[in-house]
Protein chains: 2
Amino acid sequence: MEKIIDSIKNKLRENDLRLTSQRQAILQILLEYRHAHLSVEELYNIAHEHYPELGIATVYRTLDTFVELGIVHKMEFGDKGARYELNVDDGQHYHHHLFCISCGTIIEFNDDLLEKLEERIINESKFLIKDHSLRFYGLCYECQQKGIE
Amino acid sequence: MEKIIDSIKNKLRENDLRLTSQRQAILQILLEYRHAHLSVEELYNIAHEHYPELGIATVYRTLDTFVELGIVHKMEFGDKGARYELNVDDGQHYHHHLFCISCGTIIEFNDDLLEKLEERIINESKFLIKDHSLRFYGLCYECQQKGIE
DNA sequence: TTGGGTGCAAACGGTTTGCAAGTAC
DNA sequence: GTACTTGCAAACCGTTTGCACCCAA
């Protein structure tokens with residue numbers, strides 16, 4: 001745990017960025033809600049309880065900074081707000097997501113299958129892959145039980 | 001070709017929707033630019049040349065309607081506008097996309113690998129999959145040649 | 001001390017909506 | 001004629017930005 005915070009402090013220092021109380025607070029929340037895939041507004045509301053002066057612009061700017069540093073992963077949604085999560089495992093074997101279209105639950109799952117596919121793409125299209133995103137949309141078990149279709 | 005238009009007319013009729021000149025014009029453009037992955041604004045600008053009175057709200061509403069009918073596929077982007085394309089093959093073997101992060105080119109590729117993965121997800125998580133989205137982000141061959149990293 | 005960081009409020013840009021007028025059926 | 005559609009402009013909402021003040025190093 002302490003390792004994560006230290007490594008982040010180092011990354012900030014290396015980039016001439018300052019460890020402000022706002023950045024610490026946001027980091028704290030990202031650690032605490034590690035599997036919650038927080039939206040900006042959710043994070044802002046949580047932070048607000050202990051840090052009422054914090055502005056939402058700062059949340060946006062801080063998250064952008066963290067994404068740039070590779071500390072945080074941003075998940076884009078169509079027009080609805082983006083969601084963020086800590087980038088725990090150094091970019092290796094990044095997990096993917098199942099999005100429940102009824103209740104909004106996000107379930108994580110791991111997969112190695114994509115590597116074969118990446119090789120094929122590189123060979124067939126000469127496309128240089130830097131990142132990928134795989135999502136499945138559907139209904140989580142709970143919503144199915146409720147009879148939602 | 002005519003088949004597509006007829007099947008769409010039928011779908012409209014079945015749903016008590018009217019075949020207005022605006023819907024026809026938009027359909028025409030979607031057919032003509034079938035592999036262009038048009039944004040709303042691009043489509044609106046093209047339509048405007050021959051149909052200056054057309055409002056952008058109508059473009060949005062028409063595309064929504066077409067998506068609902070399964071005629072059109074919507075690709076969401078983070079905050080940047082969505083893109084649309086005709087849903088030619090009846091939902092079978094839908095192709096995926098390579099997004100060039102430098103020039104914005106979108107390259108299509110087909111894949112069947114995902115079916116195995118879907119099976120695994122259904123077994124392991126009881127999640128009912130309705131749709132999926134697989135994207136690779138990187139550099140197309142032309143941008144690599146320009147020395148962009 | 002000083003340049004990066006913050007809070008505020010206004011601006012932005014894609015998308016949606018209310019409403020009166022238009023038109024396919 | 002009736003209900004679905006449309007055009008317009010205003011509203012929306014997540015996000016960004018300009019600017020004066022603040023504070024970490």
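Proteins get letters first, then strands, A, B, ... in listed order; numbering begins at 1 in each.
DNA chain D lies under 4.0 Å from at least one heavy atom of each of the following residues of residues 53-63 of chain A: A/A57, A/Y60, A/R61.
A salt bridge between A/E42 and A/R83 is present, with a side-chain N of the basic residue lying under 4.0 Å from a carboxylate O of the acidic one.
Distance NE2/B/H97 to CD1/B/I107: 10.5 Å, rounded to 0.5 Å. Here A/L27 contributes atom CG and A/I71 contributes atom CD1; the two are 7.0 Å apart, rounded to the nearest 0.5 Å. Here A/I46 contributes atom CD1 and A/L54 contributes atom CG; the two are 12.0 Å apart, rounded to the nearest 0.5 Å. Taking CG of A/L17 as the reference point, atom CZ of A/R23 lies at 5.5 Å (rounded to 0.5 Å). With rounding to the nearest 0.5 angstrom, the CG atom of B/L128 is 12.0 Å from the OH atom of A/Y141.
The CD-C1' distance, from B/E76 to C/dG13, rounds to 16 Å in whole Å. Taking atom NE2 of B/H48 as the reference point, atom P of D/dT6 lies 15 Å away to the nearest angstrom. For A/R13 and C/dG4, the CZ to C1' distance is 16 Å, given to the nearest whole Å. Rounded to whole Å, atom P of C/dT15 lies 12 Å from atom CG of B/L43. Taking atom NZ on A/K74 and atom C1' on D/dT16, their separation rounds to 11 Å, with Å as the unit. When rounded to the nearest whole Å, the span between CD of B/Q22 and C1' of C/dT23 equals 9 Å. In this structure, A/L12 atom CG and C/dG3 atom C1' are separated by 16 Å, rounded to whole Å. A straight line from CG of B/D64 to C1' of D/dT5 spans 14 Å, rounded to a whole angstrom.
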Practice problem: Would you sort out whether B/Y84 and B/S39 count as a side-chain hydrogen bond (donor to acceptor under 3.5 Å, both in side chains), showing the intermediate values? | Solution: CA-CA 6 Å; B/Y84 298 80; B/S39 68; over 6 Å; no
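For the 3.5 Å distance criterion, the side chains of B/H132 and B/E118 qualify, holding a donor opposite an acceptor. In this structure, a donor-acceptor pair under 3.5 Å is present between the side chains of A/N10 and A/R13.
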Atom pairs, protein N/O to nucleotides 22-25 of chain D N/O, distance under 3.5 Å:
| unit_1 | atom_1 | unit_2 | atom_2 | d |
| --- | --- | --- | --- | --- |
| D/dA24 | N3 | A/R18 | NH1 | 3.3 |

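Annotation: of the two residues near DNA chain C, B/A82 and A/R23, the 5′-most nearest-nucleotide partner is A/R23.
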